[in-house]
Amino acid sequence: MKKMQTSLKKNIRENTYLLAGMIITGAVLLLIIVGLFWMPYEPTMMNASEKLAGISLRHPMGTDNMGRDVLSRVMYGSRITLFIAIGTVLIGAVMGTIIGAVTGYFGGMLDEVAMRIIDALFAFPSILLALVIVSVFGTGWLQLLLSLGIAFIPSFARIVRGEVLRCKSMDYVENARLIGVSDLRMIFVHILPNIKGVMASSIMIGFNNAVLAEAGLSYLGVGSQPPYASLGKMLSDAQQYMFTAPFYVLCPGVVIVLMVLGFAFLGEGLARWK
Amino acid sequence: MKYIIRKFGMMITTLLVVSVCVFLAFSIIPGDPALRMLGTEASPELVEQTRQQMGLNDPVLVRYGRWLTGFLAGDMGTSYNYKVPVSSMVLSKIPITLTMAIMAFLLTVLISIPLGIITAKHEGGILDRCIMVANQIIMAIPPFFSGILLTFVFGMIFRLFTPGGFVNYTDDFSRFIRYLFFPALAIALPKIAMTVKMLRGSLIDESQRDYARTAYSRGNNTNGVLYRHVLKNAMIPVITFLGMALADMVAGSIVIEQVFGIPGISRILLTSISNRDYPVVEAIIMGIAIIVILVNFLVDIIYRIVDPRIGLKE
């Protein structure tokens, strides 16, 4: 155990990507977790006498055009972004895995039909697909979560299907079949655990894409509705005050970048793990 | 040839499935289109008459057939809000969005391929490491944020373009292109980073293959092996990726047009979504999907030309 610990420590010290990823992700998580229990101000509280204030002790990230505290809004907005990104990846990965595993394993007509639909959905860039679904469901963070979740299913389904197809012809599956393992058990107990490496990396990438897609869509104004804060919406509000209050633009933007970057570094670090 | 025909067949099937999905998605929306067009105060008789006129009482399959044949003939329906044909609203905007996407694509290809080759050639060197870290950071910046930053730096500080001062292609083509340069760059940046990373990895993998070693042993120098042998094979996965990236750029321009205040497809799409003007949304979504699917088809063909093995395997 002691030996493992030291090798872990050594690994982290030598693996700059992993270390940087842990620090950045940790900082963002800290911001979100602290925001759960304490925020300097109510994120929706306006103060007409302090519009577009610069950085100060009272407002570490300044205030916005309605005198709301940017730090509090960033805390609230990044919580929403994280929540939607996790939800999106969960919906996409679970549904995608089920669809991909079942179609890949059983094949035949079902597979053909499902793959044509998945191909068709795949033809839509996910932001566009989400826009279609938002226009059907209406705007709001829950609708956004559902839309992005559905939009992320095809890519997961494709990956899982490919992996299941690859595993299906392997010896251990043939062996299990000879013993008389049922189809369901075969998929969930024998095949799926063997593709968890591929799944882990696609979940990592999916998470980052989800953060970026959420930010993009809420920038367009289809995410959580005012007065509630979202990072993307803050950016689109802040854009016209870029010259007078640069921090109002920079803070939400940088938080989005850090969220994605931290995770990307973690992924890169894990890939280099020896 | 057989390969092309098969791919063409698949493209048509995908297009049909997409059209069914889009049509169904917009048919299940609660609410009566006739009522929406006339306003809530219309008399029931008038609503019924309009429903007849719009053909809303026909079975789903008939409506789908009519919509599809209409679409193919260039009739995309009538906007609920503006009461004008959708095609007149949309068609003049397509060149703007498409020009931007193509410029972004060209930027991606022109910048990322040399960079990918340089990083792979100097693998592990200081330049390589700097570019790789910069790559990771650029990939994490959403295009609309880099768009805002580009506006700030090049528009407001260096004054290379006037933010919000869009010039339409019908007025002055060269200023139109110049205005689109920075939006295109904003779209291209993350794609450039991804392409460099991919090409670098692919080049390094390929250069360790046996054929590369054979080429060396036959007296080729590094550049000879790289450009005459390795690069061609290493490009294969990159081409697939670039195809997907081009499709993504068309969709990504929706957000960027908003950032730079370009009156392209995006503005109509967003206002139509918030006004629930479904024929317009439907037409734009279908249009973008067609572009994306066509691009994918072309990529398949190019793929085949670059790598003749593809046809043999199947």
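We name chains A, B, ... by the order of the sequence lines, and we start the count at 1 in each one.
Heavy atoms of B:Val255 lying under 4.5 Å from chain A belong to its backbone as well as its side chain. B:Leu269 touches chain A through its side chain: at least one heavy atom from C-beta onward sits under 4.5 Å away, while N, CA, C and O do not. Using a 4.5 Å cut-off between heavy atoms, A:Leu131 touches chain B through backbone and side chain atoms alike. For chain A, no part of B:Val295 is nearby; none of its heavy atoms comes within less than 4.5 Å. Contact annotation for B:Ile141: both backbone and side-chain heavy atoms come within less than 4.5 Å of a heavy atom of chain A. Contact of A:Leu258 with chain B is not made at all, since no heavy-atom distance falls under 4.5 Å. Contact annotation for A:Tyr17: only side-chain heavy atoms (C-beta onward) come within less than 4.5 Å of a heavy atom of chain B. Heavy-atom distances place the side chain of B:Leu149, and not its backbone, under 4.5 Å from chain A.
Considering only heavy-atom pairs separated by less than 4.5 Å from chain B, the leading option among A:Pro252, A:Ala215, A:Pro246, A:Ala264 is A:Ala215. Heavy-atom pairs under 4.5 Å with chain A peak, among B:Met156, B:Gln136, B:Met139, at B:Gln136.
B:Val17 approaches A:Arg116 most closely through the heavy-atom pair CG1-O, 4.2 Å. Nearest heavy-atom pair across A:Ile256 and B:Pro142 is CG2-CG, 3.8 Å.
Side-chain contact check for B:Phe152 versus A:Leu250: every heavy-atom pair is 4.5 Å or farther apart.
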B:Met132 vs A:Glu268, side-chain contact (heavy atoms from CB on, under 4.5 Å): CA-CA, chis, key distance, verdict | CA-CA 11 Å; B:Met132 287 319 281; A:Glu268 189 74 31; over 6 Å; no
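Counting non-hydrogen atoms of neighbouring residues, nucleotides and ligands closer than 6.0 angstrom, the CZ atom of A:Phe247 reaches no more than 12 such neighbours. Open room surrounds CE on B:Met244; 12 or fewer heavy atoms of other groups in view lie less than 6.0 Å from it.
Judged purely by atom type and a 3.5 angstrom limit, B:Gln258 has no side-chain atom pairing as donor or acceptor with the backbone of A:Leu220.
We find the CE-OG1 distance between A:Met115 and B:Thr14 to be 11.0 Å, quoted to the nearest 0.5 Å. A:Leu212 contributes atom CG, which lies 12.0 Å from atom CZ of B:Phe145 (distance to the nearest 0.5 angstrom). Expressed to the nearest 0.5 Å, how far OH of A:Tyr219 lies from CD1 of B:Ile254 amounts to 13.5 Å.
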